[in-house]
Enquirer: 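There's a structure below that I have some questions on.
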Protein chains: 4
Amino acid sequence: MASRERGTSSTGRPRSEEAHQAILAATLDLLAEVGYSALTVEGVAARAGVGKATIYRRWASKGPLVVEAFGLLPSFEDADTGDLGEDLKRMLRGYILAFNSTALSAVLPSLAGERAHDAELSKVFEPVSLGRRAPLLRAFERARERGEISEDLDLEMAADVVVGPIAVCLFFKGGRLNAKMVGPMVDLALQGIRKEA
Amino acid sequence: MASRERGTSSTGRPRSEEAHQAILAATLDLLAEVGYSALTVEGVAARAGVGKATIYRRWASKGPLVVEAFGLLPSFEDADTGDLGEDLKRMLRGYILAFNSTALSAVLPSLAGERAHDAELSKVFEPVSLGRRAPLLRAFERARERGEISEDLDLEMAADVVVGPIAVCLFFKGGRLNAKMVGPMVDLALQGIRKEA
Amino acid sequence: MASRERGTSSTGRPRSEEAHQAILAATLDLLAEVGYSALTVEGVAARAGVGKATIYRRWASKGPLVVEAFGLLPSFEDADTGDLGEDLKRMLRGYILAFNSTALSAVLPSLAGERAHDAELSKVFEPVSLGRRAPLLRAFERARERGEISEDLDLEMAADVVVGPIAVCLFFKGGRLNAKMVGPMVDLALQGIRKEA
Amino acid sequence: MASRERGTSSTGRPRSEEAHQAILAATLDLLAEVGYSALTVEGVAARAGVGKATIYRRWASKGPLVVEAFGLLPSFEDADTGDLGEDLKRMLRGYILAFNSTALSAVLPSLAGERAHDAELSKVFEPVSLGRRAPLLRAFERARERGEISEDLDLEMAADVVVGPIAVCLFFKGGRLNAKMVGPMVDLALQGIRKEA
DNA sequence: TCGTAAGCGAGACGGTACGTCGAGTCTTGCT
DNA sequence: AGCAAGACTCGACGTACCGTCTCGCTTACGA
């Protein structure tokens, strides 16, 4: 906690928290409007009413700035109903709603696509990205404790199977995500594709 | 086919096929080296030994150029062994190998990420993207004919469940794809996550 | 005389003579308005309706640009009346008039002051500066041929003595130059300060 | 005189004389090193180990600061030998030596050049500039009292004729000043350019 | 066999954004 | 109050590409 303290005893004028927030807000605004690649630091500065130097003093480039802004966007909201299928359906439905009502749908693909070529960006994006998956994994852990799923199931992989179709829609079908698809999708992942013997 | 004919009966010097190929090759080279967002038309022209106008005469911008170059990269290679699981495993393993040995791993995330903000790009990317999934869907169709899977299964969704984990790895785990993960992954998708009663 | 040929066989689009002139004109305008040190390349580009790169393609920095613009301003206009004093008075009067009616009074001190710290500027300024003195020296040479002045007089130094007071006014008295001062000034320099025996 | 008193009776901590001197010294240092136009207040503050505000509290901008620093540099040192020519030669020789061994040669042209466009700077530079000429004019006054020069000679103009060549060298010949040129120069100015009848 | 029409490499064009620097001002906590 | 430190907004720097536009020069076809 308390990320406010800095190692050095902080001499000179302290950085303006107000400017910090204005920059992040402007970044989210613009991301939603024009997307990652068309986002310019100059534009963010203008929108935030801030000098460019004030941005570069805090973030090395637009990548980390966008990652921090991204971190403010909603993620999975944990749901604990006692049933894995129900938990997953609630979480995914909530996520899709958040997706369609915030800059998420504009930011996430951009960031994910960019990290492939930008080691620096990848490094700062990693923990944020993992942190957002945590509620999902917790649902699987609870299911394991309840005996709903096999003891030696790879939970990471299971989570990937569940959210995978959303990723595919997002990146390859260009399409708007629809909360209605969640039910069948989760059912299919839980029961398996192959016909039950 | 035959993209060579143009509506107008083509008087004057014909476009150089040599230049065309050089441009696409240079594009793939540079995509692998620097990624989509750092790729510049100027750089492609220089690498291909071509004037910028020669590029803009054929492609409106870097988006469509990259999409066309992307279309040259390998996709799923159909495998028909008589068993859905085996088909899928072979296709995915082959794909992952292609992925790690060509510019694919650099190009695909970039393009997929960019399309979210670029309607034009999205439009040209769509058919290419769908075409590449076709072998996968065919395998499912064969399995349905063989009775391996339920008659009323949504094949699109099933395909998404199978390749989903790969997409997740690619976009969110920054990770190199490993052909070894394919076996358990396909098995899990086919049998389902929930413990069999 | 044919300064248009360039050593290299000049491939690509040729540089726009129109832009060249617009830039020099804008430079002179702005020099007269704001002076050398407040002159910005950005401002020149805007005034000339030209991109910054078009300026930097021709001149390495604002120094050489200003020097070239300076070279367009009027200098001494030769006068040959058969009398050294009369020649000098006419030339200096004409020069002072030019001085007060063009950007000269703004440009010359700035450039002269700047060259002290800028070797590059000094180098390009040198020939221009010397060229402008030439008519003055020619008047002294004619006077020597006529026997008006001693055979072994250092003409350079004599020229300096004549124009020196103008330089002093210009740099240290901040003052507007007045054509009326020319007569007594030239007389004093020609006859000497010390009372004639 | 006594610039220490301020109108208000000065409550609070008094201004540090130490900082004042450090700033002026740093200014002279940097002027000699990089010249007027490349001199930055930021640089002066850093060199002097002082906050920028401490400089702006005393001087409105770099112009007046430099003028004050300039005032610390040596000027003509009066010489009274009973002969005008000798007085002038001694003074000018001394001045040239000072010129070549201090920041003078860097500061003087810059300031003189800048004042043309900067009314504020011109205003503060004026008295300093005039004050420095005073010893020169006194020599002429003594010569007039001794009858060496005509009663109705314009002393200002005479002084300009004598120092003019130095100014010309300084501003237009880019050149280092050489004490050897003083003798002939003064002689020429005193005796006149025109051959004696 | 030639003229005409388009494509070609090269590179300049007017722009926009980059990331940096300094100007002059404004907090901090300390003296 | 002044001090050093350093963040603030602003604006210019010089560079890199954008997508467009001449240049002088190939090609190829159709008259």
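We use all heavy atoms of the structure for the numbers below, so side chains are in, but hydrogens, waters and symmetry mates are not. Residue numbers begin at 1 in each chain, while the letters A, B, ... track the order of the sequences.
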Enquirer: Determine whether a donor-acceptor pair (N or O, by modelled atom type, separation under 3.5 Å) exists between the side chain of B:Ser122 and the backbone of B:Asp118.
Expert: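 Not at all, since once roles are kept as given, no pair shorter than 3.5 Å links the two residues.
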
Enquirer: In whole angstroms, how far is the C1' atom of E:dA23 from the OH atom of D:Tyr36?
Expert: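 Distance, rounded to whole Å: 13 Å.
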
Enquirer: Looking at D:Lys62 and D:Glu114, does any basic side-chain N land under 4.0 Å from a carboxylate oxygen?
Expert: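 Answer for the salt bridge query: no.
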
Enquirer: Which nucleotide in the list E:dG14, E:dG24, F:dC8 gets nearest to the side chain of D:Val41?
Expert: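 My answer, after comparing the listed nucleotides, is E:dG24.
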
Enquirer: If you look at every strand shown and take non-hydrogen atoms under 4.0 Å, does B:Ala53 touch a base, only sugar-phosphate, or nothing?
Expert: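 If one applies the 4.0 Å heavy-atom cut-off, B:Ala53 turns out to touch a base.
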
Enquirer: When we call it a touch if two heavy atoms are under 4.0 Å apart, what does B:Gly43 touch: a base, just sugar-phosphate, or nothing?
Expert: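 Touches nothing.
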
Enquirer: Taking donor-acceptor contacts at under 3.5 Å, does the side chain of D:Lys52 reach the base of F:dG6?
Expert: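 For D:Lys52, whose side chain was compared with the base of F:dG6, there is no donor-acceptor pair (under 3.5 Å).
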
Enquirer: For the pair made of CD in B:Glu17 and P in F:dT27, what is the distance, rounded to whole Å?
Expert: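 Checked: the CD to P distance equals 16 Å.
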
Enquirer: In whole Å, what is the span from the CD atom of A:Glu42 to the P atom of E:dG19?
Expert: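 Roughly 10 Å, once rounded to whole Å.
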
Enquirer: Is the closest side-chain heavy-atom distance between C:Val107 and C:Tyr36 below 4.5 Å?
Expert: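 No, every pair of side-chain atoms sits at 4.5 Å or beyond.
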
Enquirer: Looking only at N and O atoms, is any donor in the side chain of A:Arg13 or the base of F:dA7 less than 3.5 Å from an acceptor on the other one?
Expert: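 Indeed there is one.
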
Enquirer: In residues 54-66 of chain C, which residues come under 4.0 Å of DNA chain E by heavy atom?
Expert: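 The answer is C:Thr54, C:Arg57, C:Arg58.
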
Enquirer: Is the side chain of A:Arg57 donor-acceptor paired with the backbone N or O of A:Arg15 at a distance under 3.5 Å, no angle test?
Expert: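 No, A:Arg57 side chain to A:Arg15 backbone: no donor-acceptor pair under 3.5 Å.
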
Enquirer: Are more than 12 heavy atoms, taken from residues, nucleotides or ligands other than C:Gln21, located less than 6.0 Å from that residue's CD atom?
Expert: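 Enclosed: over 12 neighbouring heavy atoms sit under 6.0 Å from CD of C:Gln21.
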
